[in-house]
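One structure is given below, represented as structure tokens, and several questions about it will come after.
Here the structure is a predicted model, which means the values were calculated and not measured.
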Amino acid sequence: MFNKLRYFIRSKLLPDSLFLIDRAKKSNTLYLTFDDGPVKGITTDLLNVLDEFQVKATFFIMGKCAEAHPEIIKDIHHRGHTLANHTYNHPPFHKISLDKKITEIMSTNELLKQLTLQRCTLFRAPQGRWDLKLLGALFRMKMTAVHWSRDSMDFRKESPDIITKRLVDNPLKSGDIVLFHDDDPRCIESLRTLIPHWQSQGFNFKALENKK
Ligand SMILES: [Zn+2]
């Protein structure tokens, strides 16, 4: 209960300007983001659905998954999506030291550099657990903290229909950054309905961009 309340307060009170980039309010743009992959047998199916609807997205990957499946990381990159950093091991960030957090971020950045030959500057903390020291460290590393403005709540492992209904009943607005997870196939079925629904409302989809 306490965690739920804290989550709610954080999602309502965090200033967007700190965590969201390029809100693109006028251009009817949505940013789909996928955390916790890549996962064999799921991420590639998701990539095929995104291609089908010509949608570009952002993948906040875990370094250990990238190390296990470098071919999927290269596939994500070659299909024109953005790769972003979601730590190496997904540790509980409220329980580890700043040094350990930085090691998690740097090792994942190094891996992404090896696999894509590009610098990664986008970071999302596990479970969106931010603190001032972490934000300061990211600033010094010239990295951008990316939270989300809408949560599909797909981590609850409910049926795809429920995930779909939640996002249809609460309309998105331009510039929204939407959180999904590609460690479970449920989001794929939801997106088969949601993407054409959002496209019919005039939205287009872009990937967030790593700074050059
Ligand atoms: Zn995560």
Check your understanding: At what distance, to the nearest 0.5 angstrom, does CG of Asn28 lie from CZ of Phe205?
Key ->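 One finds 10.5 Å between CG of Asn28 and CZ of Phe205.
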Review point. Hey, does Arg150 have a side-chain heavy atom less than 4.5 Å from the side chain of Leu179?
Key: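 When only atoms from C-beta onward are counted, Arg150 and Leu179 do not touch, as no gap falls below 4.5 Å.
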Point to revise | Thr33-Arg124 side chain donor-acceptor pair, cut-off 3.5 Å | key: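 Checked: Thr33/Arg124 side chains pair up, N/O donor to acceptor below 3.5 Å.
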Exercise for review: Give a yes or no on whether Lys211 atom NZ has more than 12 heavy-atom contacts from other residues, nucleotides or ligands under 6.0 Å away.
Suggested key: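 Atom NZ in Lys211 is crowded, with more than 12 foreign heavy atoms closer than 6.0 Å.
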Check your understanding: Heavy-atom distance under 4.5 Å between the side chains of Asp131 and Lys101, does that happen here?
Key ->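 The answer is yes; the side chains approach within 4.5 Å.
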Check your understanding: Do NZ/NE/NH1/NH2 and the carboxylate oxygens of Lys165 and Asp161 come within less than 4.0 Å?
Key ->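 Not counted as a salt bridge, because no side-chain N and carboxylate O are separated by less than 4.0 Å.
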Review point. Would you say the side chain of Thr58 lies within less than 4.5 Å of the side chain of Leu32, judging by non-hydrogen atoms?
Key: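 When only atoms from C-beta onward are counted, Thr58 and Leu32 do not touch, as no gap falls below 4.5 Å.
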Check your understanding: More than 12 foreign heavy atoms under 6.0 Å from NZ of Lys157: is that the case here?
Key ->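 Atom NZ in Lys157 is crowded, with more than 12 foreign heavy atoms closer than 6.0 Å.
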Check your understanding: Counting only heavy atoms not in Phe139, do more than 12 fall under 6.0 Å of its CZ?
Key ->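 Open: at most 12 neighbouring heavy atoms sit under 6.0 Å from CZ of Phe139.
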Practice item. Heavy atoms only: give me the nearest Gln127-Trp148 pair and the separation to one decimal. Key: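 Closest pair (atom of Gln127, atom of Trp148, distance): C-CH2, 4.0 Å.
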Exercise for review: Measure the shortest side-chain to side-chain distance between Asn109 and Thr121 over non-hydrogen atoms and say whether it is less than 4.5 angstrom.
Suggested key: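 SC-SC contact between Asn109 and Thr121 ruled out.
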Review point. Looking only at heavy atoms, which two atoms of Cys187 and His181 are closest? And how far apart?
Key: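 Heavy atoms only, the tightest pair is SG-O, 3.5 Å.
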Check your understanding: Counting heavy atoms not belonging to Met141, are there more than 12 under 6.0 Å from its CE?
Key ->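 Result for CE/Met141: enclosed.
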Review point. Are side-chain heavy atoms of Leu122 and Met143 found at a separation under 4.5 Å?
Key: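 No; the side chains remain at least 4.5 Å from each other.
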Check your understanding: Going by distance alone, is a donor N or O of one side chain under 3.5 Å from an acceptor N or O of the other, for His77 and His81?
Key ->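 No, no side-chain donor-acceptor contact under 3.5 Å.
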Check your understanding: Name the one of Asp35, Asp36, Ile42 that satisfies side-chain contact (heavy atoms from CB on, under 4.5 Å) with Asp183?
Key ->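 The single option meeting the side-chain contact (heavy atoms from CB on, under 4.5 Å) with Asp183 is Asp36.
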Review point. Is it the case that Asn210 and Gln118 place a side-chain donor and acceptor less than 3.5 Å from each other?
Key: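 Distance-only check fails for Asn210 and Gln118.
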Review point. Is Thr116 close to Lys74 at the side-chain level, that is, under 4.5 Å between some pair of heavy atoms?
Key: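 Lys74 does not reach Thr116 side chain to side chain.
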Check your understanding: In this structure, are over 12 heavy atoms from other groups packed under 6.0 Å from Gln199 atom CD?
Key ->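 Result for CD/Gln199: enclosed.
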Check your understanding: Quick one: is the NZ or CZ of Lys206 closer than 6.0 Å to the six-membered ring centre of Tyr31, and within 45° of its axis?
Key ->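 Here Lys206 fails the 6.0 Å and 45° test against Tyr31.
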Check your understanding: Given Glu158 and Arg166, is the salt bridge (charged side-chain N to carboxylate O under 4.0 Å, His left out) satisfied, shown in steps?
Key -> CA-CA 11 Å; Glu158 295 161 330; Arg166 179 177 297 120; 2.6 Å; yes
Review point. Of Thr108, Asn85, Leu83, which meets side-chain contact (heavy atoms from CB on, under 4.5 Å) against Cys120?
Key: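 Option passing the side-chain contact (heavy atoms from CB on, under 4.5 Å) with Cys120: Asn85.
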Check your understanding: Considering all heavy atoms of both residues, which atom of Phe123 and which atom of Phe93 are nearest to each other, and what is their separation?
Key ->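 Nearest heavy atoms, Phe123 then Phe93: CZ-CE2, 3.7 Å.
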Point to revise | Enclosure of Glu71 CD (heavy-atom neighbours >12, cutoff 6.0 Å) | key: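 More than 12 within 6.0 Å, yes.
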**Study point:** Spacing of Thr43 atom OG1 and Ile188 atom CD1 [to the nearest 0.5 Å]
**Key:**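 CD1 of Ile188 is found 7.5 Å from OG1 of Thr43.
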Check your understanding: Quick one: CG on Asp51 to CZ on Arg79, what's the gap to the nearest 0.5 Å?
Key ->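 Interatomic distance, Asp51 CG to Arg79 CZ, rounded to 0.5 Å: 4.5 Å.
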Practice item. Using a 4.5 Å cut-off on heavy atoms from C-beta on, say whether the side chain of Leu30 contacts that of Ser174. Key: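 A side-chain contact under 4.5 Å is absent here.
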Practice item. Dump the intermediate steps for side chain to side chain contact (heavy atoms under 4.5 Å, CB included) on Thr82 and Phe59, then the final yes or no. Key: CA-CA 6 Å; Thr82 294; Phe59 289 79; over 6 Å; no
Point to revise | Contact check, side chains of Leu111 and Gln114, non-hydrogen atoms, under 4.5 Å | key: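 Yes. Closest side-chain heavy atoms under 4.5 Å.
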**Study point:** Asp154 side chain to Ser152 side chain, donor-acceptor N/O pair below 3.5 angstrom
**Key:**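 Distance-only check passes for Asp154 and Ser152.
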**Study point:** Contact summary for Ala207 and Ala57, nearest pair of heavy atoms
**Key:**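 Reported closest heavy-atom pair: CB-O, 3.3 Å.
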Point to revise | Test: Arg186 and Asp184 ion pair at under 4.0 Å | key: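 Salt bridge flag = yes for Asp184 with Arg186.
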